[in-house]
Amino acid sequence: QPTRDGEIISLRRRAPRIRSLLNQGRTDSSSVEYARQTVRTNNAGVVAENTLKPESSYAWAKADALVRTIAHWVPIARNTLDDAAAVQTELDSELRYGLDIAEDEELLNGDGTGEHLSGLRANATAYAAPFVLENETPIDTLRLALLQLELADYAGDGFILNPMEWARIELTKNTQGSYIFANVLQLAGPTLWGRSVVSTTAMDAGDFMAGEFGVAATIYDRMDAEVLFSTEDRDNFVKNMITARAEKRLAFAVKRSAALVDGTFPTPAP
C-alpha cells in the first residue's frame with residue numbers, strides 16, 4: 001500500500017509584476033472620467049510697472065477609461081471535489097492566477113481594441129535617443145531613455161525588461177573580463193542607474209520600457225477577483241458536473257504618455 005502524499009504538484013507560476021508598478025484606485029461605476037491637460041502656453045515673465053502683463057493659455061479635455069472584464073471558467077466533476085477537498089482550494093488558486101496573468105498582459109500589452117485594455121505600450125512615447133552615442137549598448141540605451149524622460153520633465157522610476165535582456169545586461173563585462181556592475185556573490189537589485197528593474201516574460205525579448213510608472217497610469221478596480229462554483233450550467237445537473245468561473249473587473253487609464261518610453265534595443269555590431 002503506497003503512502004499518500006497530499007501535496008498537489010502544480011506547474012510553475014509566473015509572478016505578475018506590472019500592477020505593482022502602477023497607481024491603484026477603485027471605482028463603483030462602469031467607466032472613469034478624468035480631465036487631461038492638452039495645452040500649456042506659459043508666458044510668465046518679468047514686466048515693468050504699469051505695463052500689460054503677458055497672458056498664458058491652458059486647456060483640458062475629457063478622457064475616460066471603460067471598465068473591462070477579465071474572466072475564464074473550467075468544468076470539474078462534482079465527485080472529484082467531494083472526494084478531494086484540496087482540489088477545490090487548488091482550483092480556486094489556479095483560476096485566480098489565470099486572472100492575474102491575463103491582467104498582467106493587458107496592462108502592458110493591451111491594444112485597446114474590442115474589450116482589451118489600452119495598455120502601457122500602446123500609449124507610450126517611442127524611444128528616440130536624445131543624442132547619438134557610438135557603439136550604443138543596452139545599458140547606454142536605458143540611460144538615454146531616462147534622459148528622454150528627463151527632457152520631458154519626468155523622473156523615471158523603473159524599467160521593464162524581458163529576462164533575456166536583463167541577463168545580457170548583468171553578464172556585461174569589461175575588457176579585462178570582469179562584470180561591470182553585477183556581483184556574483186550576492187544579489188544587488190535588480191537595479192540599474194538607480195532605478196528598479198522589473199524582469200518579466202510579458203515584455204517581448206529585445207524590447208524595453210522606461211517610465212515614471214507611479215504617475216503615468218492608474219488602475220481602477222471595479223470588482224476584485226471572484227471565484228464561483230455552480231451546477232446551473234447547461235447539462236451540469238444531469239452529468240453531475242460543476243462549473244467554476246473566475247472573473248475580475250477593472251478600468252485602466254494611461255494619463256501621461258510622455259512619462260513612458262517604449263523601445264527596442266539596438267542590434268549589436270558584428
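Residue indices begin at 1 and follow the sequence shown. Everything quoted here is computed from the prediction, not taken from an experiment. Side chains are part of it too, since the values below use all heavy atoms of this structure and drop only hydrogens, waters and symmetry mates.
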Checklist entry - Just wondering, are more than 12 heavy atoms of other shown residues or ligands nearer than 6.0 Å to CE in M164? => result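 No, because the 6.0 Å sphere around CE of M164 holds 12 heavy atoms or fewer from other groups.
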
Among all residues two or more places apart in sequence or in another chain, which pass the salt bridge (Lys or Arg N to Asp or Glu O under 4.0 Å) test with [X]?
| X | answer |
| --- | --- |
| D140 | none |
| E165 | R168 |
| R19 | E103, D221 |
| K255 | none |

Side-chain donor-acceptor contacts of residues 53-66 below 3.5 Å, not counting sequence neighbours, with atom names and distances?
| from | atom 1 | to | atom 2 | distance (Å) |
| --- | --- | --- | --- | --- |
| K53 | NZ | T51 | O | 3.4 |
| S56 | OG | N43 | N | 2.9 |

Next on the checklist: Tell me every residue that passes side-chain contact (heavy atoms from CB on, under 4.5 Å) with N50, counting only those two or more places apart in sequence or in another chain.
Outcome noted: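 N50 satisfies side-chain contact (heavy atoms from CB on, under 4.5 Å) with no residue once adjacent residues are dropped.
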
Checklist entry - When Ile, Leu, Val, Met, Phe, Trp and Tyr are grouped by side-chain heavy atoms lying under 4.5 Å apart, directly or through other members, which residues fall in the same group as L250? => result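 L250 shares its hydrophobic cluster with I18, L21, L22, I70, L99, L107, L108, L117, L120, I160, V198, M203, M209, F213, I219, F252, V254, L260.
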
Item to check | Check against side chain to side chain contact (heavy atoms under 4.5 Å, CB included), R14 and T200 | outcome: CA-CA 8 Å; R14 186 186 95 199; T200 173; 4.1 Å; yes

Checklist entry - For D100, which residues count as a side-chain hydrogen bond (donor to acceptor under 3.5 Å, both in side chains) partner, sequence neighbours excluded? => result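 Checked D100 against side-chain hydrogen bond (donor to acceptor under 3.5 Å, both in side chains); matches are K248.
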
Compile the donor-acceptor pairs under 3.5 Å between side chains in residues 232-242 and protein atoms, sequence neighbours left out, one pair per line.
| from | atom 1 | to | atom 2 | distance (Å) |
| --- | --- | --- | --- | --- |
| D233 | OD2 | T243 | OG1 | 2.7 |
| D235 | OD2 | K239 | NZ | 3.3 |
| N236 | ND2 | T243 | OG1 | 2.8 |
| N240 | ND2 | N79 | OD1 | 3.3 |

Checklist entry - Residues in ring pair (Phe, Tyr, Trp, His ring centres under 6.0 Å) with F265, at least two apart? => result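 Partners of F265 under the ring pair (Phe, Tyr, Trp, His ring centres under 6.0 Å) test: F208.
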
May I ask you to decide whether [X] forms a salt bridge with [Y], counting only side-chain N to carboxylate O separations under 4.0 Å?
| X | Y | value |
| --- | --- | --- |
| E90 | R13 | yes |
| R245 | E247 | yes |
| R26 | D224 | yes |

Checklist entry - Restricting to pairs with a member in residues 108-120, which pass side chain to side chain donor-acceptor pair (under 3.5 Å), not counting sequence neighbours? => result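 Side chain to side chain donor-acceptor pair (under 3.5 Å) check on residues 108-120 returns R68-E115, E105-N109, E106-H116, D111-T113, S118-N123.
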
Checklist entry - For N174, does its backbone N or O pair with a side-chain atom of S178 as donor and acceptor, under 3.5 Å? => result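 No, because the side chain of S178 does not come within donor-acceptor range (under 3.5 Å) of the backbone of N174.
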
Checklist entry - According to the salt bridge (charged side-chain N to carboxylate O under 4.0 Å, His left out) rule, which pairs have a member within residues 143-160, sequence neighbours left out? => result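 Listed once each, the pairs are R143-E150, E150-R195.
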
Item to check | Distance-only side-chain donor-acceptor flag, R36 / Y34, under 3.5 Å | outcome: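 R36 vs Y34: donor-acceptor pair found between side chains.
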
